[in-house]
Amino acid sequence: MSRVVLAYSGGLDTSVAIPWLKEQGHEVVAVAVDVGQPGELSSAIDRAYELGAIEARLVDARTDYVERFVWPALKMNALYQGLYPLVSALSRPLIAEVLVDVARETGADAVAHGCTGKGNDQVRFEVSLGALAPDLRVMAPVRDWDMTRGDTISYAVERNLPITTTKKSPYSIDENLWGRSIECGVLEDPWASCPEDAYALTVSPADAAPSQDLEVTFDKGVPVAVNGEYLDPINLIEAVGKIAGSCGFGRIDMVEDRVVGFKSREVYEAPAALTLIKAHADLESLTLDGRFLRQKRHLDSQWADLAYEGLWFSPLRDAIEAFAGTTSDHVTGDVRVRVGSGGAAIIGRRSPNALYDEAAATYESDDGFDQSASPGFMSLWGLPAKRWSTVHRTP
Ligand code: ARG
């Protein structure tokens, strides 16, 4: 008999997956990984036993998630296609790690996830699992069982399974500390605007609280305080998200290119992620060398692609982080962000490591910049242009 460790969310699909895998002759160890999603995971654990799991575990991975996945993403200002802060993409490699750990501890020979065959998440799970534990067999019951949502509900009702969520949600939601992904239903028409009932973390800009100023303090590339109050990472992300979301900032509505080849319309809410990325990138502009920064912006986008495409465990990601890491220690200071009216604007920044030099930049009398050096500079800087034009200009 084989033993399978299942990534279990407590939702309909992974709940039904427990008896389904059992019927296929497997023992099921259900693992719920807490990455900051809402809801009562402990009652989901009780239900997993009722559904037939031989063991069910709740793993609180929130701190690990922030320190090893979210903060690296923030340091790389990670936005896939310039917009999506990788909410779902970042949690998958961590969940894969937990599955492998539990498989090792429980002597399982297989792991299972609840992804369909159309999304990116199956890619992220399976590529990560292949890199971490190539000996483990990977099963994808939801991809294999060929049931519609209605069929899945009937399956549960016929077997009298203790499933509470039989009411059809119009959307497919995935949520963690870094934000919330919303797909399916009316959103499949990219022309249709997203109904207000899809949102949970952000208020409509039309009904939002008046704009607010936030002061975010960074230490070595990561945020440590908000408005002067030092907070642990989880509380800090929640605090920033709450303020920005209540001021109507943090919604993303986009057409995205999936790894599996087709375009999909996606809606996200990520008030904390968008605010912090904006503030972090601004502090980089104050504290890092301009040429380095131009290079880093290319690498930022390449890093986001790797994380999106399921290549978390890749030598290129390690190498990019090593390059960026040479300077993130300097990204220390405070950024003032005004959130409101659907937007966020940086309105001030300061740092003990600021490369900005007021004495050089000022147009006032206490000028520390030697303007007499400029003509000589320009005669050399412009020499190639002058020579080119002398040789090629038609008289
Ligand atoms: N398109 C997003 C991504 O690939 C969101 C995936 C959300 N997953 C879900 N089960 N709703 O990262």
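In listed order, ligands and their atoms are each counted from 1.
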Q: Output yes when K242 and E238 qualify as a salt bridge under the 4.0 Å nitrogen-oxygen rule, no when they do not.
A: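 Answer for the salt bridge query: no.
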Q | Centroid-centroid under 6.0 Å between Y363 and F369 rings | A | no
What does the N/O contact table under 3.5 Å look like for ligand 1?
{"from": "ligand 1", "atom 1": "1 (N)", "to": "E183", "atom 2": "OE2", "distance (Å)": "3.2"}
{"from": "ligand 1", "atom 1": "1 (N)", "to": "E256", "atom 2": "OE2", "distance (Å)": "2.8"}
{"from": "ligand 1", "atom 1": "1 (N)", "to": "E266", "atom 2": "OE1", "distance (Å)": "3.0"}
{"from": "ligand 1", "atom 1": "1 (N)", "to": "E266", "atom 2": "OE2", "distance (Å)": "3.3"}
{"from": "ligand 1", "atom 1": "1 (N)", "to": "Y268", "atom 2": "OH", "distance (Å)": "3.1"}
{"from": "ligand 1", "atom 1": "4 (O)", "to": "N120", "atom 2": "ND2", "distance (Å)": "2.6"}
{"from": "ligand 1", "atom 1": "4 (O)", "to": "R124", "atom 2": "NH1", "distance (Å)": "3.1"}
{"from": "ligand 1", "atom 1": "4 (O)", "to": "R124", "atom 2": "NH2", "distance (Å)": "2.9"}
{"from": "ligand 1", "atom 1": "8 (N)", "to": "D121", "atom 2": "OD2", "distance (Å)": "3.1"}
{"from": "ligand 1", "atom 1": "11 (N)", "to": "S172", "atom 2": "OG", "distance (Å)": "3.0"}
{"from": "ligand 1", "atom 1": "11 (N)", "to": "E183", "atom 2": "OE1", "distance (Å)": "3.2"}
{"from": "ligand 1", "atom 1": "12 (O)", "to": "Y84", "atom 2": "OH", "distance (Å)": "2.5"}
{"from": "ligand 1", "atom 1": "12 (O)", "to": "R124", "atom 2": "NH1", "distance (Å)": "2.9"}
{"from": "ligand 1", "atom 1": "12 (O)", "to": "R124", "atom 2": "NH2", "distance (Å)": "3.1"}

Q: Could I get the full list of side chain to side chain donor-acceptor pair (under 3.5 Å) partners for E364, not counting sequence neighbours?
A: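 Not a single residue meets the side chain to side chain donor-acceptor pair (under 3.5 Å) criterion with E364.
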Q) For D189, which residues count as a side chain to side chain donor-acceptor pair (under 3.5 Å) partner, sequence neighbours excluded? A) none
Q. Does some side-chain heavy atom of E183 sit less than 4.5 Å from a side-chain heavy atom of E188?
A. no
Q.
Strictly by ring pair (Phe, Tyr, Trp, His ring centres under 6.0 Å), give each pair with a member in residues 370-395 just once, sequence neighbours left out.
A. F377-W381, W388-H392
